[in-house]
Amino acid sequence: MDGDAGLFTPDSVTWHLHGDPIMWIAGIRALYLQALHPRAVRGVMENSDFRSDAWGRLMRTAKYVRTTIYGTTEEAERAGARVRKIHSMLGATDPGTGERYGVDEPDLLLWVHCAEIDSYLHVARRSGIPLTDAQADRYVAEQRARARLVGLDAHTVPGDRAALAAYFESVRPVLAVGADARAVDEFLLRPSTHPLLIPAREVLWRRVAHLAYASLPPYAHALYGRPAPEPAVVTRRLRATGTLLRCVPARLRWQLPPKHILDAIARLGPDARPAPYKVGR
């Protein structure tokens, strides 16, 4: 490989994990989880156009994630700098106290990061990707590189599953479901779309959103006040969904924008092709 592999390399767990299509469901789970922090979700509500441009926002988020993982070092650093600049200019009003605060406060950035990483790892393993505990810990540690991009001190970010679990236990007292979280829940179940696509949204998208919601931890279900199937049922559905999605040829899936995986393979050679079975080789 003669090209620049970027912040991660084909030797990383991250490289191979994020090439799997189940990550789309994990991303939706992350949105549900992130919305449980009142200050974090208020920052989204006051500064985002997600309700009027649902698909555009999802694609921009996917592009950022893929750029930081599969782009060159320069592309990843530039994407992070852009996010930091945007965040530095945005503020929100605390729904409880009326206090104004910046959306780039470290505790908010840390919550968003941890909710995202927990969701990726949880859904990936539960859907059947065979990661050992050591490989799972390695993934959490690798993600400190992406935490740094948004402005966090990597040393303050959980570096393994135990630290991640301890973080969630510490932050649980501040989590709540208010009007903002309800709005996110409603949006994820019924995102705005073209009238002709509404039937497809009701048949396909709602199934995906329900599965992402069902994979949340029990305390999240309790906060939202919506029940979920038994954990064993959810696991079976995640495994079935993962198996079905993986039946679609990878090169066909990767043709969908953003095409960062195909670009990375072209840059680094065919051996860089991501696949979960390569983890640990």
Side-chain angles (χ1 to χ4, degrees), residues 1-31 53-83 113 116-117 119-121 123-125 127-131 135-136 138-140 142-150 191 193 197 200 204-205 208 212 238 241-281:
M1 295 186 297
D2 298 325
D4 174 13
L7 299 184
F8 303 93
T9 74
D11 293 327
S12 68
V13 177
T14 297
W15 187 275
H16 298 290
L17 205 61
H18 280 266
D20 195 89
I22 202 69
M23 288 306 195
W24 285 97
I25 292 177
I28 299 169
R29 180 191 190 268
L31 295 176
D53 185 25
W55 306 115
R57 177 171 175 79
L58 288 174
M59 292 309 300
R60 287 191 294 274
T61 300
K63 180 180 179 181
Y64 174 77
V65 173
R66 290 288 178 89
T67 298
T68 58
I69 293 173
Y70 297 108
T72 65
T73 302
E74 180 183 357
E75 289 169 341
E77 295 289 353
R78 189 164 60 240
R82 183 163 57 248
V83 166
H113 171 82
E116 180 183 347
I117 302 316
S119 294
Y120 286 141
L121 185 59
V123 171
R125 299 187 84 186
S127 72
I129 294 179
L131 290 182
Q135 290 165 346
R138 184 176 156 199
Y139 172 76
V140 176
E142 289 172 357
Q143 290 305 305
R144 284 174 158 177
R146 291 186 58 235
R148 177 186 61 79
L149 286 181
V150 298
T193 189
L197 296 178
L204 298 176
W205 177 264
V208 171
L238 282 170
T241 302
T243 299
L244 178 63
L245 290 174
R246 291 164 197 141
C247 288
V248 180
R251 289 195 67 86
L252 179 59
R253 289 188 272 106
W254 296 338
Q255 289 291 340
L256 297 174
K259 299 182 179 181
H260 290 94
I261 293 179
L262 292 178
D263 291 341
I265 295 173
R267 188 174 75 247
L268 301 173
D271 288 343
R273 183 182 187 274
Y277 67 82
K278 292 183 177 180
V279 174
R281 280 191 174 184

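Everything quoted here is computed from the prediction, not taken from an experiment.
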*Stepwise, does the ring pair (Phe, Tyr, Trp, His ring centres under 6.0 Å) test hold for Tyr139 with His16?*
CA-CA 10 Å; Tyr139 172 76; His16 298 290; over 10 Å; no

*Please report the C-alpha distance between Glu77 and Arg148 in whole Å, then the side-chain angles of each, then the deciding distance to 0.1 Å, and finally whether the salt bridge (Lys or Arg N to Asp or Glu O under 4.0 Å) criterion is met.*
CA-CA 10 Å; Glu77 295 289 353; Arg148 177 186 61 79; 2.7 Å; yes

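The shortest non-hydrogen separation linking Trp24 to Ala62 is CH2-CB, 3.7 Å. Between Ala136 and Arg125, the closest heavy-atom pair is CB-NH1, 3.7 Å. Taking both residues in full, the closest heavy atoms of Ile22 and Ala124 are given as CG2-CA, 4.2 Å, listed atom of the first, atom of the second, then distance. Smallest separation of non-hydrogen atoms from Arg138 and Ser12: NH2-CA, 3.5 Å. Counting all heavy atoms, side chain and backbone alike, Ala212 lies closest to Ile25 at CB-O, 3.7 Å. Between Met23 and Tyr120, the closest heavy-atom pair is SD-CD2, 3.5 Å.
For the pair Arg146 and Val150, the minimum side-chain heavy-atom distance is 4.5 Å or more. Side-chain contact between Ser127 and Ile129: present, with at least one pair of heavy atoms (C-beta onward) separated by less than 4.5 Å. Counting heavy atoms from C-beta outward, Lys63 and His260 have side chains that approach closer than 4.5 Å. Put simply, the side chain of Arg273 reaches to within 4.5 Å of the side chain of Trp254, judged on heavy atoms. Side-chain contact between Ile69 and Ile261 is absent, with no heavy atoms from C-beta onward closer than 4.5 Å. Side chains of Thr14 and Leu7 form no contact here, defined as non-hydrogen atoms less than 4.5 Å apart. Counting heavy atoms from C-beta on, the side chains of His18 and Val65 come closer than 4.5 Å. Using a 4.5 Å heavy-atom cutoff, the side chains of Pro274 and Ile265 are in contact.
Using modelled atom types, one side-chain atom of Glu75 and one backbone atom of Thr72 make a donor-acceptor pair closer than 3.5 Å. Panel note: side chain Arg253, backbone Val248; a donor-acceptor pair is recorded below 3.5 Å. Under the 3.5 Å distance criterion, the side-chain polar atoms of Arg267 are matched with a main-chain donor or acceptor of Tyr70. For Thr68 (side chain) and Tyr64 (main-chain N/O), a donor-acceptor pair under 3.5 Å exists by modelled atom type. For Glu142 (side chain) and Val13 (main-chain N/O), a donor-acceptor pair under 3.5 Å exists by modelled atom type.
Between Asp20 and Arg246 there is a salt bridge, with a side-chain nitrogen of the basic residue lying less than 4.0 Å from a carboxylate oxygen of the acidic one.
Atom CG of Leu131 is separated from atom CG of Leu17 by 5.5 Å, given to the nearest 0.5 angstrom. Expressed to the nearest 0.5 Å, how far CZ of Arg144 lies from CD1 of Ile117 amounts to 12.0 Å. A distance of 11.0 Å separates CG in Asp263 from CZ in Arg66, rounded to the nearest 0.5 Å.
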